[in-house]
Undergrad: 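Can you read through this structure? Questions will come right after.
Please read these numbers as outputs of a predicted model, since none were measured by experiment. Each chain gets a letter, A, B and so on, in the order its sequence line appears, and its residues count up from 1.
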There are 2 protein chains.
Amino acid sequence: MRVAAREGLHSVSLRGVAAEAGISLRSIQYFFETKARLMQSGLDALETISNERLSARLRALGPSPGARATLETYFAVALPTDHESRQFHLLWTSYAMLALTDPEVSARTFVDGPNRQQKRIASLLEKGKSEGEFRRALNSETEATILISLIHGLGTAVLVGQRTAESAFASFGHYLDRLSQQTSLEPDRDQHSSA
Amino acid sequence: MRVAAREGLHSVSLRGVAAEAGISLRSIQYFFETKARLMQSGLDALETISNERLSARLRALGPSPGARATLETYFAVALPTDHESRQFHLLWTSYAMLALTDPEVSARTFVDGPNRQQKRIASLLEKGKSEGEFRRALNSETEATILISLIHGLGTAVLVGQRTAESAFASFGHYLDRLSQQTSLEPDRDQHSSA
DNA sequence: ATCTTTGTGATACAACTGTACCACAAAACG
DNA sequence: CGTTTTGTGGTACAGTTGTATCACAAAGAT
């Protein structure tokens, strides 16, 4: 994973990871048999690690966090801010593109994973609705689809440097605001009202 | 581009594209000098072609299309439905990941391009607001950020096969609906009202 | 006609790739 | 004890990679 994140997934070689791990080429062969299996193991490890990361951050929220706070944690974890999350986003996307052209890496991962997350977000929205944090008229399924796509899209924008993490977070917060604001009839205030 | 879309960007070789083009290795060398320049030319061509594709689709909308119709066209073009747009999305993302690890391919492309599109969408929203198609209270900049991220995120979900193009289109439409709906106080209808 | 530019073909080369094979050490097990 | 399992190091091999080099052809320019 270190090699892949540093030099790109495409330039991962058996000798390269052997050198990075400080062991011999033969040992890599012994444990992974073939390169295809090494690559697949990398993807599996990536998924496991990211799931653990998310779980840890969710636990850190306390016993019964609000739906909005949980969603923001989801987003904060997905956003490539620190080195580790940047690494994850880069590799995950690289693997996804690889799976589209190389039949040896399982494409199912990129369907099942997001599907699970979407389900979790949808039920989170349901919880938020029942607790009054979100508008009751929301369609949780549709909203979850939009949210997960938004999280991924903003994440990519931050990753490539088009957008700062702060502005991405602001945009996400703005979107969440609209999910919670009750249909109100406040007069639209223009910005030339003060200063 | 054909080779890259078929076998993955990582497995593009000088000999491979020479064979695909039906010319000799030497000719590829003659016109592109080095592989780095060949790759960069590919990215440039990709951007040019996609811009032309978008322009053509926008022209086909007629003389003065509505803001929402224009946005839907933006989305339809970005969505990887046919072979050509799938190819584009795959290669664009692959190039973006490549640019993050390989300093030889310009990373600026992935900042400038989306920035331009975001500006266009923001001004489109402004137009929509002034013509009554969208709520006047919208922050066009923020909304454009969300829209472009949403477009990209949904596009990726469709590309990897997690989501159908139809459902992505429905989600996008649902989002646009909320940009246009005036703050109303309709009673929230539950789904157990009928059937 | 001569020279230059533009382009093509064939091939050589060093570096790197994944894989296979052989010998050997250390531990586990009977 | 011997034997099997588990793991490691070294190395060889065939194939592919990007790049460089040499010869040569066709066209344009003067």
Undergrad: For L79(A) and S85(A), work out which heavy atoms get closest and say how close.
TA: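 In this case the closest contact between L79(A) and S85(A) is O-OG, 3.3 Å.
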Undergrad: Does L25(B) reach a base, just sugar-phosphate, or nothing at all? Heavy atoms under 4.0 Å.
TA: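 Contact class for L25(B): base.
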Undergrad: Please tell me if S24(A) has a side-chain N or O lying less than 4.0 Å from either OP1 or OP2 of dT8(D).
TA: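 Answer is no, no contact under 4.0 Å.
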Undergrad: Taking atom P of dT8(D) as reference, at what distance in whole Å does atom CZ of R15(A) sit?
TA: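 For the pair R15(A) CZ and dT8(D) P, the rounded distance is 17 Å.
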Undergrad: Roughly how far, to the nearest 0.5 Å, is CG of L159(B) from CG of L100(A)?
TA: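 With rounding to 0.5 Å, CG (L100(A)) is 5.0 Å from CG (L159(B)).
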Undergrad: Are side-chain heavy atoms of R120(B) and L54(B) found at a separation under 4.5 Å?
TA: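 R120(B) vs L54(B): side chains touch.
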Undergrad: Measure the spacing between CZ of R116(A) and CG of D112(A) and express it to the nearest 0.5 Å.
TA: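 One gets 6.0 Å once the value is rounded to the nearest 0.5 Å.
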Undergrad: Rounded to whole Å, how long is the line connecting atom CD of E33(B) with atom P of dT21(D)?
TA: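 Spelled out: CD on E33(B) to P on dT21(D) is 12 Å.
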Undergrad: Name the residue closer to the 5' end of DNA chain D, choosing between G16(B) and Y30(A) according to the nucleotide with the nearest heavy atom.
TA: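 Final value for this comparison: Y30(A).
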Undergrad: Using a cut-off of strictly less than 4.0 Å, decide whether T34(B) has a side-chain nitrogen or oxygen near OP1 or OP2 of dG18(D).
TA: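 Negative; the distance criterion is not met.
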Undergrad: Figure out the CD/P separation between E104(A) and dG18(C), and round it to whole Å.
TA: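 It is 12 Å, rounded to the nearest whole Å.
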Undergrad: Rounded to whole Å, please give me the gap between CD1 in I23(B) and C1' in dA10(C).
TA: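 Going from I23(B) (CD1) to dA10(C) (C1'), I get 15 Å.
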Undergrad: Should the side chain of R26(B) and the base of dT19(D) be counted as holding a donor-acceptor pair, with the cut-off at 3.5 Å?
TA: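 By the distance-only test, no, there is no pair.
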Undergrad: Over how many whole Å does the gap from F31(A) atom CZ to dG9(D) atom C1' extend?
TA: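 Checked: the CZ to C1' distance equals 13 Å.
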Undergrad: Could you state the CD1-C1' distance from I28(B) to dT8(C), rounded to the nearest angstrom?
TA: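 Nearest whole value for this atom pair: 12 Å.
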Undergrad: Tell me whether the side-chain N/O atoms of S27(A) come closer than 4.0 Å to OP1 or OP2 in dG7(D).
TA: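 Checking dG7(D) against S27(A), no side-chain N or O comes under 4.0 Å of OP1 or OP2.
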Undergrad: Hey, is K35(A) close enough to D102(A) for a salt bridge, meaning N to O under 4.0 Å?
TA: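 No, K35(A) and D102(A) are not salt-bridged.
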Undergrad: Take the protein atom CG of L14(A) and the nucleotide atom P of dC13(D), then report the distance between them rounded to whole Å.
TA: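 My rounded result for the distance is 19 Å.
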Undergrad: dG15(D) C1' sits how many Å from K35(A) NZ, rounded?
TA: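 Value for this atom pair: 14 Å.
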